[in-house]
Amino acid sequence: MPELPEVETTRLGIAPYVEGREIVEVRVRNRRLRVPVPEDFEQRLIGARVGCVTRRAKYLRLPLASSEGEGTLLWHLGMSGSLRIARVGDLPKKHDYVDLVTGEGFVLRYHDPRRFGFVDWQQGDGTEDTRLAHLGPEPLSEAFDGAWLYRLSLGKRMAVKPFLMDNRVVVGAGNIYAAEALFLAGIDPRRAAGRISKARFDRLALAVKDVLAAAITQGGTTLRDFVSGQGEPGYFAQKLNVYGRQGEPCRRCGQPLKRIVLGQRASVFCPGCQR
DNA sequence: ATTTGACCCTGCATGC
DNA sequence: TGCATGCAGGGTCAAA
């Protein structure tokens with residue numbers, strides 16, 4: 001579930017239950033995530049207090065302060081990970097792999113069937129982590145615009161969709177939203193990145209911002225029942241124009257949407273509207 | 001240097 | 001019903 005809007009929704013949902021709270025118990029049921037859970041994970045966390053939860057790209061950062069010093073949890077949800085708030089006594093389900101229990105009796109519970117996600121402890125504030133060091137700009141920041149895309153695209157022969165999904169170019173443009181943004185901008189996902197004009201990249205950057213901002217807004221509706229543990233992300237209800245709609249008529253021109261594979265990822269687009 | 005492809009892992013839908 | 005196949009929201013790494 002975790003595209004950037006879902007990670008942001010997760011951050012907003014868990015923050016009130018963990019910020020300023022002390023971790024009194026840690027349970028790890030499976031250490032074999034994409035990055036193995038460190039051996040001293042539990043010992044580092046017990047007795048620590050959680051600071052302000054932040055997000056960078058699709059990573060969540062939970063700063064920790066204890067008598068031992070300062071550290072940071074770096075949490076990535078991978079393809080199938082989710083963080084929910086449960087209560088002490090709620091039994092873990094299959095693939096519930098990590099629990100952080102606070103003094104108030106809430107449990108931050110990590111669920112990840114495919115185990116492509118991870119949680120890692122870093123000394124300090126975590127900003128020096130190599131996984132974060134080479135990330136491109138946040139899509140909703142001013143640093144990300146058409147000029148930035150155009151500059152990076154010069155000389156690039158790769159297709160624009162995998163280009164847009166490259167985390168060094170911009171973070172948070174996952175497979176759903178890359179496809180949606182390219183549709184909104186009217187750009188064929190197969191087009192070589194280096195053969196797109198500045199004006200068209202201006203449109204594309206705005207489309208990325210629009211679609212992500214709209215999805216975050218809709219993800220917010222999920223927050224209401226976040227604690228009760230029910231509910232799929234609200235943004236799923238949004239009207240996707242192309243993602244998952246191969247063979248169905250284009251909402252704009254009516255002709256059937258086409259599915260191809262780019263960079264091992266399914267890519268749906270309208271051959272009429274996207275050039 | 002850029003770009004492509006294999007791989008990490010489980011669950012689900014589909015078709016025989 | 002059982003089994004094989006393909007596919008899934010992400011990211012890393014090695015090889016071409």
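Everything numeric in this text was worked out from a predicted model, so none of it was measured. Order of the sequence lines sets the chain letters (A, B, ...), proteins ahead of strands, with each chain counted from 1.
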To the nearest Å, how far apart are A:Leu60 CG and C:dG11 P?
12 Å
Just how far, in rounded Å, is C1' of C:dT12 from NZ of A:Lys58?
14 Å
Classify the side chain of A:Arg114 and the base of B:dC9 as holding, or not holding, a donor-acceptor pair under 3.5 Å.
yes
Can A:Phe116 be classed as stacking with the base of B:dC8, given a centroid separation cut-off of 5.5 Å and a plane angle cut-off of 30°?
yes
With a 4.0 Å cutoff (strictly under), does any side-chain N or O of A:Asn167 reach OP1 or OP2 of C:dG11?
yes
Considering every strand shown, what is the Watson-Crick or G-U wobble mate of B:dT3 when both distances are under 3.5 Å?
C:dA15
Between atom CG in A:Leu154 and atom C1' in B:dT2, what is the gap in whole Å?
15 Å
Determine the Euclidean distance between corresponding P atoms of C:dG6 and B:dA6; express it in Å to zero decimal places.
13 Å
May I ask you to say whether A:Arg44 pairs ionically with A:Glu68, meaning some side-chain N is under 4.0 Å from a carboxylate O?
no
In whole Å, what separates the P atom of C:dG9 from that of B:dT3?
23 Å
Counting only side-chain heavy atoms from C-beta out, which of C:dG9, C:dT12, B:dT3 sits nearest to A:Arg168?
B:dT3
Rounded to whole angstroms, how far apart are CE on A:Met165 and P on B:dT4?
14 Å
Please name the nucleotide paired to B:dC9 by Watson-Crick or G-U wobble geometry with both distances under 3.5 Å, or report none.
none
Side chains of A:Ser82 and A:Leu77, heavy atoms from C-beta outward: is any pair under 4.5 Å?
no
Taking NZ, NE, NH1 and NH2 as the nitrogens, is one of them in A:Arg56 or A:Glu138 under 4.0 Å from a carboxylate oxygen of the other?
yes
Under 6.0 Å from the CD atom of A:Gln123, do we count more than 12 heavy atoms belonging to anything else shown?
no
Quick one: is C:dG11 close enough that its OP1 or OP2 comes under 4.0 Å of any side-chain N or O from A:His76?
yes
For C:dG9, give its Watson-Crick or G-U wobble partner with both distances under 3.5 Å, or none.
none
Rounded to the Å, how far apart are A:Arg157 CZ and B:dT2 C1'?
8 Å
Is any side-chain nitrogen or oxygen of A:Tyr243 closer than 4.0 Å to OP1 or OP2 of C:dG9?
yes
If you measure from the Lys or Arg side-chain nitrogens to the Asp or Glu carboxylate oxygens, is any gap between A:Arg109 and A:Asp90 under 4.0 Å?
no
A:Arg32 has its side chain closest, among B:dC9, B:dG11, C:dT12, to B:dC9
With a non-hydrogen cut-off below 4.0 angstrom, is A:Tyr59 in contact with a base, only sugar-phosphate, or nothing?
sugar-phosphate
Residue that, paired with A:Trp75, satisfies ring pair (Phe, Tyr, Trp, His ring centres under 6.0 Å) out of A:Tyr110, A:Tyr59, A:Phe118
A:Tyr110
Measure from the side-chain heavy atoms of A:Arg115 and tell me the nearest of B:dT10, B:dT4, C:dC7.
B:dT10
When we call it a touch if two heavy atoms are under 4.0 Å apart, what does A:Asp112 touch: a base, just sugar-phosphate, or nothing?
nothing
Salt-bridge criterion met for A:Arg29 and A:Asp99 (N-O under 4.0 Å):
yes
Please tell me which of the listed nucleotides, B:dT3, C:dA8, B:dG11, lies nearest to the side chain of A:Lys156?
B:dT3
Does A:His95 have a side-chain nitrogen or oxygen under 4.0 Å from the phosphate oxygens OP1 or OP2 of B:dC9?
no
For A:Arg131 and C:dG11, give me the distance from atom CZ to atom C1', rounded to whole Å.
11 Å
Of all the choices, B:dT4, B:dG5, C:dG9, which nucleotide is nearest to the side chain of A:Gln264 once you look at every atom?
B:dG5
Between C:dG10 atom C1' and A:Glu6 atom CD, what is the distance in whole Å?
14 Å
Nucleotide nearest A:Lys94 when distance is taken to its side chain, options C:dA8, C:dG10, B:dG11
B:dG11
Rounded interatomic separation in angstrom, taking CZ from A:Arg265 and P from B:dC7
17 Å
